[in-house]
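Beneath this line is the structure, given in structure tokens, with notes to follow.
In what follows, chains carry the letters A, B, and so on, assigned in the order in which the sequence lines appear, proteins first and then strands, with residues in each chain numbered from 1.
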Protein chains: 2
Amino acid sequence: MKATINDVAKQAGVSIKTVSRVINNEISVRQLTREKVQKAVEELNYQPNLAARNLAGAKSFSIAYIYDNPNAYYIIDMQEGILSACKQQGFELLIHPCDAKNKNITEEVVNMVKHARIAGLILTPPLSEMPEFVKSLVALDVKVVRIMSGDVAPDDLSPCVMVNDRDAAQTITQHLIDLGHTDIGFIAGDAKHMSTVERYKGYRRALKESNIDFDKKLVIEGEYSFDSGVSGAKQLMSTESNNTRPTAIFSCNDEIAAGALFAARLMNISIPEQLSIVGFENSPFSRQTWPKLTTADQPNNQIAGDAANLLISQVRKQKNQTTISQYVPKLIIRDSTAKC
Amino acid sequence: MKATINDVAKQAGVSIKTVSRVINNEISVRQLTREKVQKAVEELNYQPNLAARNLAGAKSFSIAYIYDNPNAYYIIDMQEGILSACKQQGFELLIHPCDAKNKNITEEVVNMVKHARIAGLILTPPLSEMPEFVKSLVALDVKVVRIMSGDVAPDDLSPCVMVNDRDAAQTITQHLIDLGHTDIGFIAGDAKHMSTVERYKGYRRALKESNIDFDKKLVIEGEYSFDSGVSGAKQLMSTESNNTRPTAIFSCNDEIAAGALFAARLMNISIPEQLSIVGFENSPFSRQTWPKLTTADQPNNQIAGDAANLLISQVRKQKNQTTISQYVPKLIIRDSTAKC
DNA sequence: TTAAAAATTGACAGCGCTGTCAATTGTTAT
DNA sequence: ATAACAATTGACAGCGCTGTCAATTTTTAA
């Protein structure tokens, strides 16, 4: 039923080793032979047995996606991007959810890698931003690719796919400025996350480039949560507070923005008439809030596919891809922002 | 470094075959021997090599989770539930996203199963509710477990884990009735989904048991989407329409409910004062709407783990578990419902 | 034209495990 | 105590593939 390498060899009239060479894209096979084999492969609809390859060879054809779960939408998008790259390249994907706050996480993952014969790992924030964790993994016999926030890799522990949150945040803030806002609040996400830091930098840069004075009181420390958005917005908009009341709020992600929206509703502040709010991430629910959120979108699927391909080419020891891809999230204007 | 079965055999002073017997939980091993082996396994922290097991034996230690993507939260929860069951049982999980609307889906999945040497499949709605698709899979040499909406399995194609949406919907509707509502609108999800049908049945049953006349005009056909909630609620609440204006709306899921909330906002109807709205699913964002949604929660993680364990025991040919587990989603009262 | 070097191909062992079947040990009934 | 049986154990082949290395063919150089 299912064709083996033997069947292909017979059909092509060569040895199984030659078939093996062809399917592994090795160089020393004559063009003619290669074609014969490829024809046989097609005819028999042959697909190499992953278990056997993994068992026999020194190489492994499995990579793993290790994630902590900040956001189901993000994970699913990433996962599907990685999955389709894997399928295309004949790799197998192991999914490994874990908890970044767990003290033993390094041990846990190191163990998994050792036991599962894994060739490479893909890490997303917050795991990709834990230097000690990453170091421990790089020290093992696996390749690592990280998806991170920033414009350039912070170190050379591993190749990275960078998401330029800074530029995107600047664009968003500029959008607010273009609408006439000058008092723009900022509700931060978890301070430990690079994305928060980067978005903050972009916000600051936009203000600076437009010569708007920076007011520290307009910056609220928070975390990536709805509740943080609620309390942040309350704090910013409270009439008792002695700071300037902002006319716009930059929320570090959509969840915070949704919280801010919620708070505004509580305080009878109408959006966007009295207050503009922007989010970040373009989560599905950002289209389902009232009003719909202006936000920034990043092609997670594609980013993940990129990372997976980068990783696989590392594993294959093909040219040591030094090119680091960078993505800049794109502004999406919806209904939560308006002229001042 | 990594211990093999050979190391264990030496350490325990038995043959590798005996070790194999112990790790596979076969019967004919003397208790004393079994203990010796188990001790060695522990000492060496031995974990069997999955690739080798899959290659050597007739059995396979891989199962697959096939899903169409209705909802990232749902998928992630399910996936993690399955994953942890797999880890516990020493199985490997293949993830296979696909598109239920794709004509070739059966061929695609059948192909995957054939090529990947998979022992079993877990199916969630809508895939689990496509009889022809399921039949094609059952016809292959794999076990199948479905997660479905209903109280009993609709057929005996495969064991099922049932989610009793009907009873849950009745409870939710009853909650509305208890609050004094009698004109209760219903915005349906995709009519093809069993969950829609079941929730509708529960709604009808609650009305009937409280002797409330059923008004067909209060039922809006829709789909599981935000937009459907918007238009459904508009239709129900429009003053021009010649039907009774409901004082409460049962939305078939949270997304629809969010849409209904949105529409109410558009129409200046205050929730829950002028209109109560309930959702279903307890999506994370149901806590982040204004006001927070009353909804129904189901333990997806646990349901998935159940399904995975059921599948694995099928695969292992352990007692042909005829017990079908049933879960009833639980009412969660929040702020979108109030007295009439 | 022929020897030497290079390119191409294949034979064979073995990855870590399980299935088969035969050898050994223990148990029961006589 | 011993034959007859059952329970337990192990030897060995082989799953489908890759690594090693040697055999063969082709190319190059003299």
Handout entry: Under-4.0 Å salt bridge between Arg117(B) and Asp141(B)
Key = no

Exercise for the section: Could you tell me if the ring centre of Tyr73(B) sits under 6.0 Å from that of Tyr73(A)? Expected result: yes

Problem - Which nucleotide in dG10(D), dC17(D), dT9(C) has an atom nearest any side-chain atom of Thr4(A) - result: dC17(D)

Exercise for the section: Please figure out whether Ala52(B) or Val29(B) has its closest DNA chain D nucleotide nearer the 5' end. Expected result: Val29(B)

Practice task
Would you tell me if any nitrogen or oxygen in the side chain of Ser20(B) comes within less than 4.0 Å of OP1 or OP2 on dT18(C)?
Solution key: yes

Exercise for the section: Taking atom types as modelled, find out whether Tyr327(A) and Asp306(A) have a side-chain donor-acceptor pair closer than 3.5 angstrom. Expected result: yes

Handout entry: Pair of N/O donor and acceptor under 3.5 Å linking dG10(D) base with Arg21(B) side chain
Key = yes

Exercise for the section: Please tell me which of the listed nucleotides, dG10(D), dC17(D), dG16(C), lies nearest to the side chain of Asn49(B)? Expected result: dG16(C)

Exercise for the section: Would you indicate, yes or no, if dT9(C) has its OP1 or OP2 atom less than 4.0 angstrom from a side-chain nitrogen or oxygen of Thr18(A)? Expected result: no

Practice task
May I have the distance from Arg117(B) (atom CZ) to dC17(D) (atom C1'), rounded to whole angstrom?
Solution key: 14 Å

Problem - Minimum-distance nucleotide (side-chain atoms of Ile5(B) versus dG19(C), dC17(C), dT20(D)) - result: dC17(C)

Fill in the blank from the handout: Winner on side-chain proximity to Ser28(A), out of dT9(C), dG10(C), dC17(D), is dT9(C)

Exercise for the section: Residues of residues 53-62 of chain A with any non-hydrogen atom less than 4.0 angstrom from an atom of DNA chain D: list those, numerically ordered, please. Expected result: Arg53(A), Ala56(A), Gly57(A), Ala58(A), Lys59(A)

Handout entry: Thr33(B) vs dT8(D): side-chain N/O to OP1/OP2 distance below 4.0 Å
Key = no

Problem - Integer-rounded Å distance: dG16(D) P and Ile23(A) CD1 - result: 13 Å

Practice task
Verify the distance criterion only: is there a donor paired with an acceptor across the side chains of Gln89(B) and Asn309(B) at less than 3.5 Å?
Solution key: yes

Exercise for the section: Take Cys98(A) and Leu127(A), measure what side chain to side chain contact (heavy atoms under 4.5 Å, CB included) needs, and give me the verdict at the end. Expected result: CA-CA 9 Å; Cys98(A) 61; Leu127(A) 301 176; 3.9 Å; yes

Practice task
Any pair with a residue in residues 38-59 of chain A that passes salt bridge (Lys or Arg N to Asp or Glu O under 4.0 Å), sequence neighbours left out, goes on the list, sorted by first then second residue, please.
Solution key: Lys39(A)-Glu43(A)

